[in-house]
Each structure stands twice: as structure tokens, then as C-alpha cells.
Amino acid sequence: MWPKFTDSLLEGKIMEIEEKSQLYKIRHSMAHVLAQAVKKVYPEAKLGFGPPTETGFFYDFDFENVDFREDSLKKIEKEMKKIIGQKQEFTYSETDANGAVERLTELGEGEYKIENVRNLSDRGVTKFSFYDNGPFADLCEGPHVDTTGDLPVKAFKLDRVAGAYWLGSEKNKQLTRIYALCFETPEELKEFTERRAMAEKFDHKKLGRELDLFHFDEKVGKGLPLWLPNGTIIRDEIEKYACEMEFKYGYKRVSTPHIAKEELYLTSGHLPYYADSMFPPMEVKEEGEETTEKFYLKAMNCPHHHLIFNSRPKSYKDLPLRLAEYGTCYRYEKSGELSGLIRVRCMTMNDAHLYMTLEQFEEEFRSTVKMYMEFYDTFKLTEYSFRLSVRDDSDKFVGDPALWDKAEGLLAKVMDEMGLNYFIGKGEAAFYGPKIDIQFKNLMGREETVSTIQVDFQSATEEKFALKYVDADNTEKEPVIMHRAPLSTHERFISFITEYYGGAFPTWCAPLQVCLLPVKDSCHEYANELAKELNADFVRVEVDDSSNSFGKKIRTNTMKKIPILLILGEQEIEDNSVTVRRYGSRDQETISRDEFLKMLKAEIKDRVMLREPMGSII
RNA sequence: GCCGGCGUAGCUCAGUGGUAGAGCAGCUCACUUGUAAUGAGCAGGUCAACGGUUCAAGUCCGUUCGCCGGCUCCA
């Protein structure tokens with residue numbers, strides 16, 4: 001069985017508690033077995049947390065001064081199997097906070113478990129339960145299987161080692177996390193590992209190399225992709241499509257520089273707040289001047305767009321004003337956060353800022369969501385989820401709480417009215433306002449924000465850009481601002497669709513759309529002439545005029561995942577026809593040249609995708 | 001940035017301290033082919049970089065760089 005594209009292949013995501021689920025009990029109990037085995041091999045190890053995950057479980061350990069290496073996993077796995085063979089019984093007991101601390105101290109547990117008891121106790125928890133099995137005991141809510149003998153000894157595998165901060169905070173000590181895969185049966189484990197191996201074949205980094213889409217070069221720098229001719233065609237096609245859509249929805253396009261003076265980002269409030277995420281400034285000194293001036297590479301387009309809004313006084317009649325730009329931004333992401341095209345340091349955003357009255361907000365939001373759905377339909381994207389990202393009580397969120405409430409309420413209202421399913425992301429809001437994030441999963445199950453719609457009540461204020469429009473009653477008012485990016489950045493979006501399509505792009509955006517395969521030399525003239533005609537219609541076409549055998553031509557061009565191959569032999573020449581062989585199908589049909597041209601042009605113009613994306617069916 | 005793994009030809013990968021290899025891709029020649037690899041030949045390398053151990057290092061040790069998987073972060 002092949003993996004469904006949307007199945008989570010990510011080990012890290014903590015499993016929802018399903019009290020009665022046997023699988024949950026197995027994974028949970030297995031984590032205890034792992035901890036017991038680790039303490040046998042490394043008696044000094046201290047325990048952190050060890051929950052079940054969607055594909056197994058993990059446990060965090062503090063190995064003190066021992067450098068834990070991945071090859072130790074084998075030894076630990078062996079111990080685990082022994083423990084399972086001993087059929088140790090899980091027994092339950094209960095105590096209060098003091099009793100729990102006492103018991104943990106007895107067990108030789110360090111600060112982590114005890115800190116956990118204190119935290120729970122502070123939150124009003126008074127009952128603490130322990131599960132004992134064999135010589136091992138752990139503070140734990142359960143539930144568990146009856147004995148370790150109930151655990152599927154052949155359906156688990158220690159998978160990876162990773163660092164993980166205690167309580168998820170960078171300020172705390174980093175513990176060693178051991179990830180394990182675990183299922184109910186060996187067959188399920190095998191199926192999962194096979195699915196994961198399949199998914200790796202569709203990794204956008206691998207496909208990007210095979211299909212010559214992009215290249216990273218150390219001489220340019222990490223996280224700075226070089227887009228090759230093939231990848232650039234995809235970018236250009238997506239951009240062309242975005243321009244058409246924006247035209248249809250009443251946007252005006254603008255273009256802004258990649259750098260700006262420090263003052264701009266002081267005004268926007270990004271400095272000094274987000275200085276860490278920006279490239280350090282360039283200091284420029286004009287000839288004859290005494291002082292230097294600082295310029296920053298832009299990390300976002302909004303400040304520039306706000307200044308365009310402000311370039312002349314605005315009337316309520318100018319609103320809503322929708323400014324769009326495929327703007328290139330630079331962000332200094334920490335090195336370990338970079339990942340192929342998913343997280344880069346140079347990105348080109350499908351950005352736009354909508355300026356409107358408060359009364360217009362609902363309608364603008366509604367039509368923006370509608371535009372998103374149109375985009376998703378074209379790309380045949382069907383599996384995504386809406387997240388309403390709201391603030392929490394952290395102090396990073398600025399502005400009038402009443403406005404926040406109003407905006408959060410309006411977003412929820414419109415989405416409810418549109419019948420959209422969404423979940424709440426508490427604390428996921430931008431510092432200046434709530435947002436809708438549309439979450440996609442890549443093939444490896446990593447969830448990413450692809451599209452976003454953000455409400456901004458901050459940038460228009462007096463302290464920031466002092467954006468104003470004159471209303472019908474002749475008073476000045478602040479516009480409401482909406483940031484939106486349905487197609488994300490070229491980098492993230494293309495990484496996503498490359499995997500989703502398995503590298504087989506729909507005809508309209510495929511780097512090479514049609515490849516002509518003459519059966520023998522005598523057919524080259526017919527092929528070249530047809531290519532010329534297609535080319536005149538702006539179709540990206542090539543003739544395979546190599547001296548390869550015909551079988552080899554089929555093979556090599558199929559492996560390039562070209563949407564359409566045309567077979568041209570003596571028969572086709574005779575009746576002025578072409579034999580069409582589409583990617584992903586062995587059925588082919590011979591049709592007249594005119595019929596083919598008509599079909600192809602319509603397919604490209606309407607951006608039709610005739611088959612299911614490869615990644616959606618594996 | 002932190003933890004773990006990895007780095008040999010454009011790509012995929014062999015290589016047990018003792019002369020750097022294969023397949024594919026590329027180039028040349030021959031073959032002209034009707035549906036997933038025609039054959040022969042040629043070329044291709046500072047074994048990521050730097051330092052150390054050794055008579056001898058792709059191989060062992062250290063440092064740096066890069067990539068991958070996590071953690072943190074993601075305006």
C-alpha cells in the first residue's frame with residue numbers, strides 16, 4: 001500500500017489521547033519499556049517526558065555528560081526485547097504531591113520529573129499516579145497494557161535521536177530525545193517504513209535535482225536558491241496566473257526596492273524587535289558626508305506598500321485599495337531552520353495589502369477566501385486545513401484588546417458563514433493582529449503554513465505609518481489593513497506542489513510541455529516543422545533528435561515527466577496526424593494535427609489538469 | 001543556534017590503513033530503430049576543506065564548511 005499524501009509521516013507529533021485505544025496503550029507502555037532499558041544501559045540517565053506519537057512514541061533523557069550516539073540504539077533495543085519477554089506486570093498506585101516527590105527521589109529521578117510534579121501541583125493537581133513494571137516505575141497517567149508481554153515485540157523500532165529542550169523552551173537544558181516507531185502488528189510497521197521510503201522519492205529536493213529546477217551553491221550561501229531555467233518557468237507561470245487572478249479581483253500591481261533605510265523599519269516597528277531575523281545592515285557613507293546611513297534588506301513588503309498608500313492623500317472613494325507585488329524578501333533564518341526550499345533566506349512572496357474601511361472588511365475577507373479557493377481548485381489542492389490564529393496572554397501581541405476581539409470575531413463569523421472548517425491556533429497570531437493560516441502537509445508529514453490572511457490594526461496607527469483616508473463625513477480615519485499571500489512564496493509553494501505532483505506538473509506550468517519523438521531520421525522534417533508551429537503559439541516544445549533507439553526516446557522523455565509526448569512516424573506523416581502519449585498513461589490516441597493544436601491550446605489557456613496529482617494517489 | 005546522522009565523478013552508489021572504482025548522464029564513432037535502456041570507445045576526482053596520528057589516510061583523530069532529521073524559531 002502506498003502512502004496517502006496527507007497521512008502524517010512525522011514521528012514528532014504527539015498522539016491525541018484516546019483512552020480506550022489499544023494502540024495508545026501499547027505506545028505508552030512501550031515508552032516505559034524504553035526508559036527502563038535506557039536506565040539499564042545508562043544508570044545515570046534522568047527521565048523527561050515520554051508520550052505516544054502518531055507513529056510510535058518518544059522519550060526524553062538527560063544523559064548528563066555522556067554523548068549519546070545513535071549506534072547505542074541497537075543495544076537499547078535489545079534490552080527492550082528482553083523486558084518484553086519478561087512479561088512484567090503494570091501496577092497502578094496513587095499518592096499526593098509530597099508522596100510523588102518522595103517516590104521520585106527514591107527512584108533516583110532528577111529535577112525534571114520533580115519539576116513536573118511541582119508544576120502540576122501549582123495548577124491544583126493533588127492526585128499523582130505511578131505505574132510500576134518490574135524494577136521500573138514512572139510517574140504517569142496511564143493507561144497501560146496489562147503486562148509487557150502484551151507488547152508487539154516485532155512491531156517497534158527505535159528510529160532517531162534528536163535534541164529537545166526541556167518543556168519546549170530554548171532557555172532550558174536540551175535533553176536527548178529517542179524517537180521510536182511502533183504499531184500493533186509487524187505488517188503495519190513494515191508498511192509504514194515502506195511508505196516513508198516511497199515518500200522520499202518525491203522529496204522536492206531530490207526532484208529539484210532530477211528535473212533541474214533549482215540549485216544551492218555554497219558560494220552563494222545557505223538558504224539562497226539559484227533557480228535554474230526549468231524552475232524559473234514554473235515561477236513565471238505561477239506568477240502570470242497570479243497576475244491574472246489579481247486583475248480579476250481588482251488589485252493594482254506595484255514594485256518596490258529590495259532595500260530600505262533603517263528609518264522605515266523603525267517606523268514599522270520591525271526594528272529593533274525583529275532585528276535577529278533580518279540580515280545585518282549595510283552601512284553606506286556618501287562622499288563628502290560625515291555620517292553613515294544604514295540600509296536593510298527587506299524582510300517583508302508591507303512597509304513599502306504602506307508608503308505607497310501614503311504617497312498621496314486618500315479618500316474613502318479610493319477604498320478598498322488592493323496593492324499586489326511578487327516581492328523578494330530576505331530573512332536571516334537560523335541555520336538549523338533552513339530546509340530545502342521550504343525554509344530559505346531569500347524568498348519571493350505572492351504578497352498583497354488591502355486597505356479598507358472597517359465596514360468593507362467582511363466583504364474583502366470573504367472575497368479573499370474565495371480567491372484562495374479558486375487557486376486551490378486550479379492546482380487540485382484538496383487537503384488543507386484552516387487555522388484561525390489568535391492571540392494568547394503573552395506580551396508580544398500589541399494593540400487595543402477590543403480591536404483584537406472584534407477582528408477575531410469577524411474572521412470566525414465569515415468562516416462560519418462560508419461553512420469552512422477551521423481550528424483555533426492560540427498564540428499563533430501575528431504580533432499586530434489575528435490571522436488565518438492555511439496549513440498543508442508535505443510528503444514527509446511536516447505541516448507548514450502555505451497561505452495566510454492577516455489582519456493588521458497596527459500599521460495604520462499614528463505611531464506607525466499614520467495611514468489615513470478622508471471619509472464621507474470629511475473626517476480622517478485609519479484604514480483596516482489585510483495582508484494576504486494565497487500562493488505563499490515561490491519557494492515554499494513550488495516545494496510543496498513539486499512533491500504533490502511527484503514532479504509531474506500540469507501542462508500549463510510544466511517546464512517542457514510537449515516533446516516530439518520522430519520514429520526515425522526521415523521523420524525529423526515533419527517533427528521540426530510541427531515544433532516550429534507549436535513554438536509560434538508559445539508552447540514549450542522540443543524535438544528529440546538524438547540518435548537513440550525509439551524505445552530509449554520513450555524511456556528518457558518519460559523519465560523527464562514531460563506531460564505530452566508526440567509519436568511521429570511514417571503513418572502520422574501520411575495522414576497529417578500525431579500520436580499523443582500523456583504522462584502517467586499508456587493509452588495513446590492518434591488525432592489530426594489541428595485537433596491536437598486546439599486541444600493543447602485550450603488545456604494550457606484554461607490551466608486544466610487532466611489527471612490526478614501523483615502525490616495524491618501514492 | 002542546539003542534539004543526532006551524513007559528505008567519494010554531474011547523479012546513484014562500491015571501496016577491510018597499502019596503486020581511487022562501477023552504473024547512469026556527457027562526448028566520439030557505428031547503428032535508423034513504432035512504444036521504458038543498441039553497441040564500442042573516450043573523458044570525467046585536491047575522496048567537502050584544513051590540521052594531526054602513521055613508513056603509508058578516502059579509511060583513524062580534531063576543527064571548520066555544507067546537507068539531512070529533530071528541538072527552538074517562522075513578523
Side-chain angles (χ1 to χ4, degrees), chain A residues 9-13 58 60-61 63 67-73 159-179 196 200 203 205-206 209-210 212 215-219 221-223 265 268-271 273-278 299-303 329 331-340 342-344 347 396-398 428-433 435 437 444 446 448-449 452 454 456 458-459 483 492 517-524 546-559 565 567-572 579 581 586 588 590:
Chain A
L9 297 180
L10 185 74
E11 293 88 78
K13 201 155 187 200
F58 67 73
D60 290 342
F61 303 94
F63 287 99
D67 281 337
F68 188 84
R69 307 218 151 261
E70 207 165 284
D71 47 23
S72 311
L73 293 181
D159 193 33
R160 296 192 165 131
V161 177
Y165 298 105
W166 169 241
L167 299 179
S169 170
E170 213 176 357
K171 290 178 193 119
N172 292 336
K173 182 162 181 184
Q174 192 169 63
L175 308 181
T176 303
R177 175 170 297 177
I178 299 178
Y179 278 105
R196 189 161 72 176
E200 278 165 16
D203 185 299
K205 297 181 289 292
K206 189 174 162 62
R209 223 183 354 259
E210 286 170 6
D212 287 319
H215 170 70
F216 285 95
D217 198 302
E218 284 185 38
K219 286 190 186 67
K222 52 164 76 172
Y265 301 110
S268 69
H270 289 102
L271 285 176
Y273 209 50
Y274 288 105
D276 281 354
S277 303
M278 295 174 75
M300 65 296 295
N301 302 301
C302 7
C329 297
R331 296 181 188 181
Y332 194 77
E333 307 281 4
K334 288 191 216 164
S335 61
E337 290 162 353
L338 300 171
S339 174
I342 297 173
R343 283 286 285 280
V344 286
M347 70 216 79
K396 79 174 194 185
F397 302 107
V398 298
E428 300 284 351
F431 76 96
Y432 48 70
K435 54 180 181 166
D437 292 315
M444 292 310 290
R446 175 144 66 179
E448 294 289 347
T449 299
T452 180
Q454 310 183 354
D456 180 359
Q458 276 305 306
S459 299
H483 307 236
R492 185 169 288 184
L517 311 189
V519 174
K520 51 183 164 181
D521 278 2
S522 60
C523 309
H524 280 193
S546 66
S547 60
N548 288 333
S549 66
F550 186 64
K552 183 71 180 284
K553 285 184 188 179
I554 296 278
R555 180 182 157 80
T556 50
N557 291 296
T558 300
M559 291 203 308
L565 301 183
I567 315 298
L568 305 174
E570 273 163 5
Q571 262 173 296
E572 284 78 6
T579 295
R581 183 182 163 124
R586 291 209 173 207
Q588 47 186 43
T590 303

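Because the structure is predicted, anything quoted here is derived from the model rather than measured. Residue numbering restarts at 1 for every chain, and letters A, B, ... go by the order of the sequence lines.
Using a 4.0 Å heavy-atom distance criterion, A/Lys171 is classed as making no nucleic acid contact. If you check every strand for non-hydrogen atoms under 4.0 Å, A/Gly340 touches sugar and phosphate atoms only. Note on A/Gln458: nothing from the nucleic acid sits closer than 4.0 angstrom, heavy atoms only. Nucleic acid contact class of A/Thr176 (heavy atoms, under 4.0 Å, all strands): none. Note on A/Lys553: nothing from the nucleic acid sits closer than 4.0 angstrom, heavy atoms only.
With hydrogens and angles ignored, no donor-acceptor pair under 3.5 angstrom links the side chain of A/Gln588 to the base of B/rG34.
Residue-to-nucleotide proximity on RNA chain B shows that, of A/Leu338 and A/Glu570, the 5′-proximal contact is made by A/Glu570. Along RNA chain B, the nucleotide closest to A/Ser335 and the one closest to A/Val161 are compared, and the more 5′ of them pairs with A/Ser335.
Of all non-hydrogen atoms in A/Tyr265 and A/Ala299, the two that sit nearest each other are OH-N, 4.5 Å. Nearest heavy-atom pair, A/Lys435 versus A/Ala429, reported as atom, atom and distance to 0.1 Å: CE-C, 4.1 Å.
Atom name P, nucleotides B/rG52 and B/rG58: the rounded distance is 15 Å, in whole Å. Remark: the separation of the P atoms in B/rU63 and B/rC24 is 41 Å, to the nearest Å.
Rounded to whole angstrom, the span from the NE2 atom of A/His524 across to the P atom of B/rU33 amounts to 12 Å. Atom CG of A/Asp521 is separated from atom P of B/rU32 by 9 Å (rounded to the nearest Å). Taking atom CZ on A/Arg343 and atom C1' on B/rG1, their separation rounds to 13 Å, with Å as the unit. Spacing between atom CG of A/Asp203 and atom P of B/rC67 amounts to 14 Å, rounded to whole angstrom units. Between the CD atom of A/Gln174 and the P atom of B/rU72 there is a distance of 10 Å, rounded to whole Å. Atom CZ of A/Arg196 and atom P of B/rC68 are 17 Å apart (whole Å). For the pair A/Lys173 NZ and B/rC71 C1', the computed distance is 15 Å after rounding to whole Å. A straight line from CG of A/Asp159 to C1' of B/rG70 spans 11 Å, rounded to a whole angstrom.
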Report the C-alpha separation of A/Glu570 and A/Lys520 in whole Å, then their side-chain angles, then the decisive distance to 0.1 Å, and conclude whether the salt bridge (charged side-chain N to carboxylate O under 4.0 Å, His left out) test is met.
-> CA-CA 9 Å; A/Glu570 273 163 5; A/Lys520 51 183 164 181; 2.9 Å; yes

Evaluate the criterion salt bridge (charged side-chain N to carboxylate O under 4.0 Å, His left out) for residue pair A/Lys205 and A/Asp203; output intermediate values, then yes/no.
-> CA-CA 5 Å; A/Lys205 297 181 289 292; A/Asp203 185 299; 3.2 Å; yes

For side chain to side chain contact (heavy atoms under 4.5 Å, CB included), just list the numbers for A/Phe61 and A/Ile178, CA-CA rounded to whole Å, side-chain angles, deciding distance to a tenth of an Å, and then say yes or no.
-> CA-CA 8 Å; A/Phe61 303 94; A/Ile178 299 178; 3.8 Å; yes

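Closest to the side chain of A/Tyr165, out of B/rC3, B/rG1, B/rG34, is B/rG1. Nearest to the side-chain atoms of A/Tyr432 among the listed nucleotides B/rU72, B/rG34, B/rA75 stands B/rA75. Here B/rC71 is the nucleotide among B/rA37, B/rA75, B/rC71 with the atom lying nearest to any side-chain atom of A/Ala164. Closest contact between the side chain of A/Ala162 and the listed nucleotides B/rC3, B/rG1, B/rA75 involves B/rC3. Distances from the side chain of A/Arg160 to the nucleotides B/rA75, B/rG34, B/rG69 place B/rG69 closest.
Side-chain contact check for A/Tyr332 versus A/Met278: every heavy-atom pair is 4.5 Å or farther apart.
Listed for the A/Lys553 side chain is a donor-acceptor partner under 3.5 Å among the backbone atoms of A/Pro518.
Using the Watson-Crick or G-U wobble rule with both distances under 3.5 Å, B/rC24 pairs with B/rG10.
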Is there any protein nitrogen or oxygen under 3.5 Å from a nitrogen or oxygen in nucleotides 38-41 of chain B, and what are the pairs?
unit_1 : atom_1 : unit_2   : atom_2 : d
B/rU38 : OP1    : A/Ser549 : OG     : 3.4
B/rU38 : OP2    : A/Ser549 : OG     : 2.7

Give every pair of a protein N or O atom and an N or O atom of nucleotides 5-14 of chain B that lie under 3.5 Å apart, one pair per line with the distance.
unit_1 : atom_1 : unit_2   : atom_2 : d
B/rG5  : OP1    : A/Arg69  : NH1    : 3.0
B/rG5  : OP2    : A/Arg69  : NH1    : 2.7
B/rU12 : OP1    : A/Arg209 : NH2    : 3.3

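One finds the CG atom of A/Asn557 at 10.5 Å from the CZ atom of A/Arg581 (value rounded to the nearest 0.5 Å). Summarising the geometry, atom CZ belonging to A/Arg331 is positioned 12.0 Å from atom CD belonging to A/Glu337; distances are rounded to the nearest 0.5 Å. Distance check: A/Phe58 CZ to A/Leu175 CG gives 10.5 Å after rounding to the nearest 0.5 Å.
The side chain of A/Lys222 contributes an N or O atom lying less than 4.0 Å from OP1 or OP2 of B/rG66. Taking side-chain N and O atoms only, A/Thr558 has no distance below 4.0 Å to OP1 or OP2 of B/rA36. Here A/Arg177 does not reach the OP1 or OP2 of B/rG69: none of its side-chain N or O atoms lies under 4.0 Å away.
Below 30°, between 30° and 60°, or above 60°: for A/His483 and A/Tyr432 the angle between ring planes is below 30°, a parallel geometry.
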